[in-house]
Amino acid sequence: MTSDHGNQPLHCLVTGATGYIGGRLVPELLAAGYRVRCLARSPEKLRDYPWAGDVEIVRGDVTDARSLAPAMRDIDVAYYLVHALASGGGFEETDRVAATVFGEQARDAGVGRIVYLGGLIPSGVPEQELSPHLRSRAEVGRILLASGVPTTALRAAVIIGSGSASFEMLRYLTERLPVMVTPSWVSTRIQPVAVRDVLRFLVGSARMPREVNRTFDIGGPDIVTYREMMQRYAEVADLPHRLILPVPMLTPRLSSHWIGLVTPVPRSIARPLAESLRYEVVCREHDIAAYVPDGPGQPFDLDKALRLALQRVREARVTTRWSSASVPGVPSDPLPTDPDWAGGSLYTDARRCDVAASPQALWRVVEGIGGEHGWYSFPLAWAVRGWLDRLVGGVGLRRGRRDTDRLRVGDSLDFWRVEEIEPGRLLRLRAEMRLPGLAWLEMSVEPDGANGARYRQRALFHPRGLLGHAYWWSVWPFHSLVFGGMARNIARTAAGSASPEPASAAVSP
């Protein structure tokens, strides 16, 4: 089947390019010969992606018609890959407004097609009984289908790929718990799909005929229970057989706490995943094959999808992760670089060390911080802070790093996020732990003489209310131990070796 565009190169708009699927879709569209424009609220988060120089990046928000109008200009296909789950309470209304604005602007700009990736809806379940997450996904699909722009609404259940929230949840539960007391939803049937097939369907949907305006269920060839999926993962990963004991009284709320404690997936994301798994989500059709034909071995079976994802993790070749998107409750402003601090008090802990090492050796240690390398000071304090954050629904330390040695803007780094990086000179992290205020950790490297370097470190905290001020002064006595020790150990590590993780300083949180 061919579209009205024939074989002409398409001009595609991708929203959500900083997210898990969007960050992988862009290079696939480029490989197909399409021109790509990315819409991002913070374009600087895309600058370090390997394909950033091959696309047009524009600033905008799907809820803002004024920024969407120019982004839609001359676009053939608009990909809608955003959802407001990370905005916390009220996300359904935000999703509703965003989809409406997006559809209206696409219609007014003469866009040829909208492609949307949503969730697979269980058969026979009244919409009002669905989880808020699935209910919102279904509503967004209906709004886009009614927009007046031909729309392809793909619906997937569990997506299996390196770095996906579903895969990380499965991996950590299976690897860490040889004996599991689990919620009853481990017996619910689901139809997982490999991320490579999802990307194939997304790219192929761009050239559907104009008369196609409908939903398509997408899934792999295997229909399994979550219990079976954990056992299949154990086999692929060469783990012993897991003993899984379902317990009916574990509600989705309790399940999300359980998942949050055992896996890197925070409760805010674990809960909608757990709520969705209560329902049987099995494809009712595979009509997408009429427009995006399956090749040999496609779609991938579950074992192959698991092997590919696990191989990527083991080879540290995970290009995007579920944590690419910001966590709920983390604001984007104000910034510590504002020339005049407009937000009131700003507490600062500043450290400086002269280092008997080259700036390059010092920078390798700075850029390698966190994850497996640790935080170079008082490991128990960092671990306890991570545990406490998990207990109150935060991300804790278990997110680790996307890459063991390299960072880019937007990367998650344990309970921090890379807000700015100037290779060889500056790394600024914004805290995503639960705090009564905003916090940053800034590390910089300067040349010092012919063979030396100077390390500067700043911890900044902008308190929110009286509780924020009380928090700063309650932890202030520990700063010398934590932040002072960090500065000294980073300097010592750089001076002692070119390796960023000597046994004397590296800390595994």
Side-chain angles (χ1 to χ4, degrees), residues 15-16 19-22 24-25 77-85 91-92 95-96 98-99 102-103 113-147 149-161 164-167 188-206 208 212-224 226 229 272-292 294 298-300 302 305 322:
T15 63
Y20 177 72
I21 293 293
R24 297 187 179 211
L25 175 63
V77 182
Y79 285 89
Y80 192 85
L81 303 175
V82 297
H83 61 95
L85 181 64
F91 75 89
E92 289 184 87
D95 271 338
R96 186 178 302 119
F102 191 85
R113 176 162 299 278
I114 293 172
V115 180
Y116 167 60
L117 177 62
L120 191 58
I121 306 302
S123 177
V125 179
E127 189 165 309
Q128 63 270 21
E129 295 181 13
L130 294 175
S131 67
H133 168 63
L134 279 181
R135 190 167 60 235
S136 180
R137 289 299 188 93
E139 183 182 26
V140 167
R142 285 199 308 273
I143 291 171
L144 296 176
L145 287 164
S147 66
V149 178
T151 295
T152 302
L154 303 180
R155 305 193 300 189
V158 172
I159 296 177
I160 300 296
S164 75
S166 296
F167 177 72
T188 303
R189 295 199 314 161
I190 52 178
Q191 191 165 352
V193 60
V195 68
R196 298 193 188 193
D197 285 312
V198 174
L199 295 172
R200 178 171 63 88
F201 292 136
L202 285 168
V203 174
S205 295
M208 283 189 176
V212 176
N213 185 62
R214 54 163 291 186
T215 63
F216 292 92
D217 293 352
I218 57 173
D222 297 282
I223 299 174
V224 294
Y226 203 87
M229 195 157 65
L273 288 176
E275 288 177 332
S276 300
L277 289 170
R278 287 188 300 164
Y279 313 106
E280 181 173 289
V281 277
V282 175
C283 297
R284 292 180 290 274
E285 40 84 9
H286 188 56
D287 297 350
I288 187 75
Y291 305 97
V292 187
D294 295 327
Q298 294 176 333
F300 290 172
L302 177 59
W322 61 270

Do L202 and V115 touch side chain to side chain, with heavy atoms closer than 4.5 Å? yes

Determine, step by step, whether V193 and I160 satisfy the side chain to side chain contact (heavy atoms under 4.5 Å, CB included) criterion, reporting the C-alpha distance in whole Å, the side-chain angles of both residues, the deciding distance to 0.1 Å, and the verdict. CA-CA 6 Å; V193 60; I160 300 296; over 6 Å; no

When every non-hydrogen atom of P122 is compared with those of L134, the smallest separation belongs to CD-CD1, 4.1 Å

I21 vs V195 side-chain heavy atoms within contact, under 4.5 Å: yes

For R200, the side chain to side chain donor-acceptor pair (under 3.5 Å) test, sequence neighbours excluded, returns D197, D294

Side-chain contact, heavy-atom cut-off 4.5 Å: I114 with S147? yes

When every non-hydrogen atom of I121 is compared with those of A138, the smallest separation belongs to CD1-CB, 3.8 Å

Donor-acceptor contact below 3.5 Å, side chain Y291 vs main chain F201: no

Quick one: closest heavy-atom pair of G219 and C283, and the distance? N-SG, 3.6 Å

Heavy atoms of R155 and G119 approach each other most closely as CB-O, 3.5 Å

Is the shortest side-chain heavy-atom distance between I288 and L154 below 4.5 Å? yes

Do R284 and S123 come within less than 4.5 Å of each other through their side chains, counting heavy atoms only? yes

Spacing of I223 atom CD1 and Q191 atom CD [to the nearest 0.5 Å]: 4.5 Å

V212 and P150, any side-chain heavy atoms less than 4.5 Å apart: no

Sequence-distant partners of R142, side chain to side chain donor-acceptor pair (under 3.5 Å), two or more places apart: E127

What residues, two or more places apart in sequence or in another chain, satisfy side chain to side chain contact (heavy atoms under 4.5 Å, CB included) together with P132? F91, E92, R135, E275

In chain order, what residues pass the side chain to side chain donor-acceptor pair (under 3.5 Å) check against D287, with sequence neighbours excluded? R214

In short, E285 meets T215 closest at the heavy-atom pair OE2-O, 4.0 Å

Taking side chain to side chain contact (heavy atoms under 4.5 Å, CB included) as the test, write out the residues that go with N213, two or more places apart. L145, T151

Any chance you could measure L130, atom CG, to R137, atom CZ, to the nearest 0.5 Å? 13.0 Å

Atom CD1 of I190 and atom OH of Y226: how far apart are they, to the nearest 0.5 Å? 7.0 Å

Value rounded to 0.5 Å, distance of CG in L117 from OG in S205: 9.5 Å

How many angstroms lie between atom OG of S136 and atom CG of D95, to the nearest 0.5 angstrom? 3.5 Å

Residues which pass ring-ring contact (aromatic ring centres under 6.0 Å, His included) with F102, listed by chain and number, not counting sequence neighbours: Y80

So do P192 and I159 actually touch side chain to side chain, heavy atoms under 4.5 Å? no

Taking all non-hydrogen atoms of both residues into account, name the closest pair between A99 and V140 and its distance. CB-CG1, 3.9 Å

With F300 via ring-ring contact (aromatic ring centres under 6.0 Å, His included) - residues at least two apart: none

Test side chain to side chain contact (heavy atoms under 4.5 Å, CB included) applied to R96 and I143, step by step: CA-CA 8 Å; R96 186 178 302 119; I143 291 171; 3.9 Å; yes

Residue list, side chain to side chain donor-acceptor pair (under 3.5 Å) with T152, at least two apart or on another chain: R113

How long is the gap from OG1 on T15 to OH on Y116, to the nearest 0.5 Å? 10.5 Å

